[in-house]
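Below is one structure; the comments refer to it alone.
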Amino acid sequence: SSVFRNVGNGSKNKSNSSVKLYGVQFADFKDNVFEKSKAIDMFLAVGDPVIMYSNTTFIDSEKIKSNSDKYIFITDTHNKK
């Protein structure tokens with residue numbers, strides 16, 4: 001698992017995100033914590049992408065920005081305080 005704490009909040013972050021995915025076809029995020037961080041930014045371009053999030057927790061963080069709704073949450077916790 002990984003903890004993303006206070007990621008993407010700097011003035012030099014031009015993408016305004018903690019993680020940026022562009023054109024990804026398959027991604028499986030497991031057991032991650034995003035705390036006081038910017039959103040995960042996804043641009044799902046072609047084909048039939050499969051993006052899965054399981055046991056992903058957002059604590060005082062932005063969630064997901066995406067041009068598509070082709071992602072799945074499995075056992076997630078949003079904006080836990």
Report yes or no: does [X] contribute a side-chain atom to a donor-acceptor pair with the main-chain N or O of [Y] at less than 3.5 Å?
X   : Y   : result
N16 : K14 : no
E62 : A39 : yes
S37 : F4  : yes
N9  : K36 : yes

Please round to the nearest 0.5 Å and tell me the distance separating atom [atom1] of [X] and atom [atom2] of [Y].
X   : Y   : atom1 : atom2 : result
F26 : I51 : CZ    : CD1   : 8.0 Å
K65 : K38 : NZ    : NZ    : 7.5 Å
N32 : I40 : CG    : CD1   : 7.5 Å
N67 : D41 : CG    : CG    : 9.0 Å
S18 : R5  : OG    : CZ    : 13.5 Å

Who passes side-chain contact (heavy atoms from CB on, under 4.5 Å) against N13, sequence neighbours left out? S15
For Y71, all residues meeting ring pair (Phe, Tyr, Trp, His ring centres under 6.0 Å), sequence neighbours excluded: none
Taking C-beta and beyond as the side chain, do V24 and M42 meet within less than 4.5 Å on heavy atoms? no
Below 4.5 Å, heavy atoms only, C-beta onward: do F34 and T56 meet side chain to side chain?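 Side-chain contact under 4.5 Å: yes.
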Listed by chain and number, what are the salt bridge (Lys or Arg N to Asp or Glu O under 4.0 Å) partners of D31, not counting sequence neighbours? none
